[in-house]
Each structure stands twice: as C-alpha cells, then as structure tokens.
Amino acid sequence: MRTSQYLLATQKETPAEAEIISHQLMLRAGMVRKLASGLYSWLPTGLRVLNKVAAIVRDEMNKAGAIEISMPVVQPGDLWVESGRWDDYGPELLRIKDRHNRDFVLGPTHEEVVTNLVKNEVSSYKQLPLNVYQIQTKFRDEVRPRFGIMRSREFIMKDAYSFHIDAQSLNKTYQQMHQAYCNIFERIGLAYRPVIADSGSIGGAVSHEFHVLADSGEDDIAYSDTSDYAANVELAEAVALGQVKQGSAQLTLVDTPDAKTIQAVSLLLDCDVKQTVKTLIVKADEKSEHELVALILRGDHSLNTIKAEKLAHVASPLQMADETAVKAKLDCGFGSLGPIELKIPIIVDRSAEAVSDFVCGANKESQHFIGANWQRDVKTYEVADIRDVVAGDPSPDGKGKLAITKGIEVGHIFQLGDKYSKAMNCGVLTESGKYDLLQMGCYGVGVTRIVAATIEQNHDKYGIIWPQSIAPFNIVIIPMNMHKSPRVEEVAEKLYKDLCDAGIDVLFDDRKERPGVMFNDMELIGIPYSVVIGERNLDNHQVEIKNRKSGDKALLEVDNLLEYIKNLG
RNA sequence: CGGUGAGUGGCGCAGCUUGGUAGCGCACCUGGUUUGGGUCCAGGGGGUCGUAGGUUCGAAUCCUAUCUCACCGACCA
C-alpha cells in the first residue's frame, strides 16, 4: 500500500473526549472515528488490525474443531420470549419493530438463535458434539458507553456455542475452548490471565473470564502470588481470617454520641476497626417471611453484592433497605445497628465471625456494645462468605496470598448446562432411543476490545507499538526526499515491489513530506519496522532498518535487505 | 438515572462577565523555500456560534426550553 493512495488520517492533537490512552491513540493514528455515542467507523488502519485479530481467532477456533456459521443480527422477539430473556435481559436489549409492528431485537448475543437452529437441524446423538461459531457485529444498548471502542454499543464478537449429550462431553469441549483462548492471546502477544468468573445473566455454573492485565481495566482480579489461582473479585472466595473463638470480655453498653460510622466509633472507643463489626440491612427475598435481612461484616471489609444476592434469604438483585423502613422495623437508624437481640435473620461473614470481644451497634440510638461475642450474645445466625477479598488475604486454594490487579475482559467462556435447551426444548434421541435435552456451552471473544486492550499494553510516548501478529502493516518504507533523488526512488520502488511479491504487508510512504513528518506518523501508527532509504547511506549501498519497539537501528546492504526482512518474523 | 462540565470551520481552543463586522493554532488549497525528526514566508478556501423560542434597533454573548457529548457515580456477558 502506498500512503498516496491510502487514508492515513493521523492527527496531531487528541480530541478532548478521549480519556484512556488506547482511545486517544486510536483516534490520533486514524484507526476509528466516532459517529455517535458508542458507535464507531473503522478507518483502513483500524480495520486492518481488526481483521488480523479476527483471522487469528478464526484460525484457533477452526483448529479446536469449531465450525464457522453466520446468524442474523436482527432476531425475532418471539425467540427471546421463549427463552425468558425478553423480560430478563433489560434495557440493554435494543428492541425494534418491523413494518407489521412485530417485535425484533438487535442481537446482543445469539443463544436463542443458535439453540433454535440446532433444535431444527440436529436430532440424533450421532451428530454431537457440535461446536459452531461466528464473528459478527453485536449490539448492546449500554447505559454508558465509554473508553472508545473498549465499551461501545456496537462491537464485533466471536461467539461460539457447543452442544452435547452430557456434561462430560461439555466439559471436554470447554477445556478445548479454554486452551484455544490461551492460544489466541498468546499468539497476539498479550499478557493475559484466565480467571474464575461469575456467570451473570447468561446462566450456568462454570465460567472463566480471560483478562488482559492493564491499569485501565474495569475489573478487579484477585490472584495468588504463588499458585495459578485467579478469580474476578466479584467471585473470589474470601476465607475466614482467623479461628472462631469465645472471648472473655464482659458485654458492656457504652454511649457513642454522633458516632455514626465505623471510623467514628473506632476512633471514639479507641479500638482497631478490625475489632468492630458493621451491620448492613438489605431487603429480603420475596419468598422469605421476613422483609429485611441483616448482613454483618468486619468493620474494615466491604460487602460483595454478587455473593450476597445469591443467598436464599436475600432479594436479587440486591437492594439496600432505606433508613425509614429500618427505623420502623427495628426502632433504630443506621449507625447504631448490631446483631444482638436483632429481630431479623442475621448472616455473618466468615471473617466477622472470627472476631471475638467485638464492638457493634446496640440497636439503640447513639449506643454501642463492647466485648460482644457470637455464641454467648447473638446465638442464632448463619455464616456465609459475603465480603470482597482484599489484597493480602490468604488464597482460597491454600497457597500463598492474594494480590489484586486491574484487568480488561476480552474473553468469557461458560458451561450453560440445559438453561436454553430446556426453555426452548432442544434435544436429541440418545443411543437408547430416549429423548434428552442437550447440554450447552458458550464462548465469547471481544474482537474489537482486543484491539484496544492491545494498545493499552503496547504503547509509548510516540504512539502505538503493534505486536507483529496484528500490526496493520509489518513494515514501512520511508524514503528521504524521494522526489529529488532518482537513486532513492529506484531503491524504494524496487524494495516495495519485492516485499509485495513476497506477500509482506508493506506500507510505502511516498508522500512528499519532510522526514520528520513521516517518522512521527509511522511511529504513531506503530508499524513494527521501518526501512529508511536516503542518499546518505546509499553512498555505501546501505539502508537503515529500525525496530519500533526497541528503537534499535541497523544498517543493511541493499542486496541483503529482502532476505533480512523475510526472516524478521 | 443522579452529580459535574462542555457544545464556536475536520481537530484543539479564545471571544460571552460589560450585546455592536466571528478570531487564533493545527489541518487543508496555491506559489516559493526547506529536506535524516512535526521548516519558514506569502496568499487562499471553509463556520446557520448544538437546536428552538424569547428580550433587543441589534444576540456567539442576556433569558427560557430542548437536544447532544464527555467525565464521576449507579449499572453492566
């Protein structure tokens, strides 16, 4: 490709709207342009990268035995009613009507469509297992699109769906997909980590996310410093800190005027926050005979809402009780609540249970207890894991301590079980002639998000540094004053032709620009190698080749150039 | 949805307080100049000042409404 025939579209200045580095660089390097909130056009440079990512994903999926198909973006609303997600999915699902006033949706994912397809096409166990995938535009009407293409409304996703006669077969394919995903991220050259994850509204039990590690990530990942345990903080198991033991202190009521927070109470009573417990009141599940439930945490810990709303007593989604309701029911406002003599179900975090002689609210305004103990003073309560892990916690697998880092979710795999096959009656005849529902798995890769995540991990003050695997061009030819030097032009044109013939993605910067302009543009775009052809070195029959990442420069004989470049990899 | 801020040429911004010919830098076009790290000079094209209404002789500027966008939060395969 010659720049004179290309849409380079680089910019000197960063548009004010771009917050994170990948967004800024994608705009400056002429990769994408915003059309509206969460909607982006892909310019040639961006599309080249996107296509290379997609090609790697496609290749690894094919190698893993998945088969490519293509399903419609526009899907009938009926299918979503059938699966139950017409009501469950919420406003992120963009619903549209056709001219006959029939309901349709823009597909945010394709479980319904694929299950419907397989239900009609597969009727025997002999056709299983089956793993189909597509690489396609998805639409999710995000509440707040942000960070450019990192969280956009329209994006490209590879989504695969597998179908099985039993859980064992599902598990086997799940492991294959896990490996395929590792292969994908390794081939691209990303620092990533598979983590145990929450399966969310997709449903199912087993689930892993694949995260690219980057400070700008929206998720917190907890990982062991000595084992390969890693989990989303949403889900990471928080083990009890210490043994449950009976304290010896006497239960004493103390006045704590104006001390409404844990910090204020511990300051006033001159005790460690770790010696206090806090009481949070949430709404109970509709099926419960109670209206409210008390959740108790050690003073320095925070509530994990995902863990809490999975508890039988607790309403899902989690709703904090409002203070008027709490006052009406418990005769005490926030700030002085505690587990002793509390008239509603009590769920105590493991680590809160391990505190003895603790400080807690007395359920009387401006009063707290000191020297409280669970068995002696509270008696009836349940214990559960309801807190967020914090850095330094023991790893749940018993090996090492947890550290916490930020990650960008670029892949997510699930074992769905029969959630969709059951709702949509998708089954086959088994070997014994019995009709059985299928077990399903689903596997997603955010293709567009990988592009942004790669930039987050690979950039410097001059711009993007593409790994060779997904670079828009593998190499760029930068001639010095070609319009004045027939000699430079001759060498550049010949090299360009040779590289094209060799099947290498080469960009030839044939603009009549000053050298500095070309150097800056090509470094911004992040092309891994540049060949600088100038009179200066041609006197010795040499050209210079520069590595974008290391900055290393080498002088090469013109005659050896092609072989050298072919071997760069 | 709550909070904060912003809408003036493709991009970055000034002008608004105190109403009176719409400006600067980048980018773009022409000519010259320069040429191994974003040269310099001269000339030039392009803007219903987000939209609608109001006040006024006169509105980018004041008032009202509305739309859009960004950031923080809530939310989120």
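Residue numbering restarts at 1 for every chain, and letters A, B, ... go by the order of the sequence lines.
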Above 12 or not: heavy atoms from other molecules or residues under 6.0 Å from CG of N547(A)?
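Counting other residues, nucleotides and ligands, CG of N547(A) exceeds 12 neighbours.
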Within the structure shown, what part of the strands sits under 4.0 Å from [X] by heavy-atom distance: base, sugar-phosphate, or nothing?
| X | value |
| --- | --- |
| K34(A) | sugar-phosphate |
| K546(A) | base |
| M157(A) | base |
| G534(A) | base |

Any salt bridge (Lys or Arg N to Asp or Glu O under 4.0 Å) pairs touching [range], not counting sequence neighbours?
| range | value |
| --- | --- |
| residues 517-531 of chain A | R511(A)-D521(A), E523(A)-K546(A) |
| residues 446-465 of chain A | D460(A)-R548(A) |
| residues 20-47 of chain A | E17(A)-K34(A) |

Taking pairing as Watson-Crick or G-U wobble with both contacts under 3.5 Å, can you name the mate of [N], or confirm there isn't one?
| N | answer |
| --- | --- |
| C71(B) | G3(B) |
| U51(B) | A65(B) |
| G46(B) | none |
| C26(B) | G10(B) |
| U18(B) | none |
| U34(B) | none |

M424(A) vs N116(A) side-chain heavy atoms within contact, under 4.5 Å:
yes
Mind listing the closest non-hydrogen atom pair of M177(A) and N131(A) along with its distance?
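Nearest heavy atoms, M177(A) then N131(A): CE-ND2, 3.4 Å.
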Side chain of [X]: nearest nucleotide among [options]?
| X | options | answer |
| --- | --- | --- |
| E523(A) | A27(B), G37(B), A70(B) | G37(B) |
| E92(A) | G37(B), C76(B), C71(B) | C76(B) |
| V143(A) | G36(B), C69(B), C1(B) | C1(B) |

Any N/O donor-acceptor pair, R144(A) side-chain to C75(B) base, under 3.5 Å:
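A donor-acceptor contact between them is absent.
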Got a donor-acceptor pair under 3.5 Å from the side chain of E544(A) to the base of G36(B)?
yes
Residue set satisfying salt bridge (Lys or Arg N to Asp or Glu O under 4.0 Å) with D219(A), at least two apart, ordered chain then number -> none
Could I get the full list of salt bridge (Lys or Arg N to Asp or Glu O under 4.0 Å) partners for K553(A), not counting sequence neighbours?
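With neighbours one apart ignored, the set is empty.
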[X] has an atom [atom1]; how far is it from atom [atom2] of [N], in whole Å?
| X | N | atom1 | atom2 | result |
| --- | --- | --- | --- | --- |
| D219(A) | C76(B) | CG | P | 13 Å |
| R153(A) | U68(B) | CZ | C1' | 12 Å |
| H412(A) | C76(B) | NE2 | P | 14 Å |
| D141(A) | C75(B) | CG | P | 18 Å |

Under 6.0 Å from the six-membered ring centre of W42(A) and within 45° of its axis: does the NZ or CZ of R48(A) meet both?
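No, a cation-pi geometry is absent between R48(A) and W42(A).
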With sequence neighbours excluded, tell me which residues meet side-chain contact (heavy atoms from CB on, under 4.5 Å) with L556(A).
I545(A), L561(A), Y564(A)
Using the test side-chain contact (heavy atoms from CB on, under 4.5 Å), find all partners of E13(A) that sit at least two apart in sequence or belong to another chain.
none
Just jot down the ring pair (Phe, Tyr, Trp, His ring centres under 6.0 Å) partners of F508(A), sequence neighbours excluded, or say none.
Y496(A)
Under the ring pair (Phe, Tyr, Trp, His ring centres under 6.0 Å) test, residues paired with H178(A) that sit two or more places apart:
H208(A), F210(A)
Protein-proximity profile, nucleotides 8-15 of chain B, B/S/- by nucleotide at the 4.0 Å heavy-atom cutoff, equals ---BSS--
Below 3.5 Å between N/O atoms, which protein atoms pair up with nucleotides 39-50 of chain B? Just atom names and distances, please.
| residue | atom | partner | partner atom | Å |
| --- | --- | --- | --- | --- |
| U39(B) | OP2 | R514(A) | NE | 2.8 |

Sub-4.0 Å heavy-atom contacts from residues 66-77 of chain A onto RNA chain B, ordered by number:
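Correct list: empty, so none.
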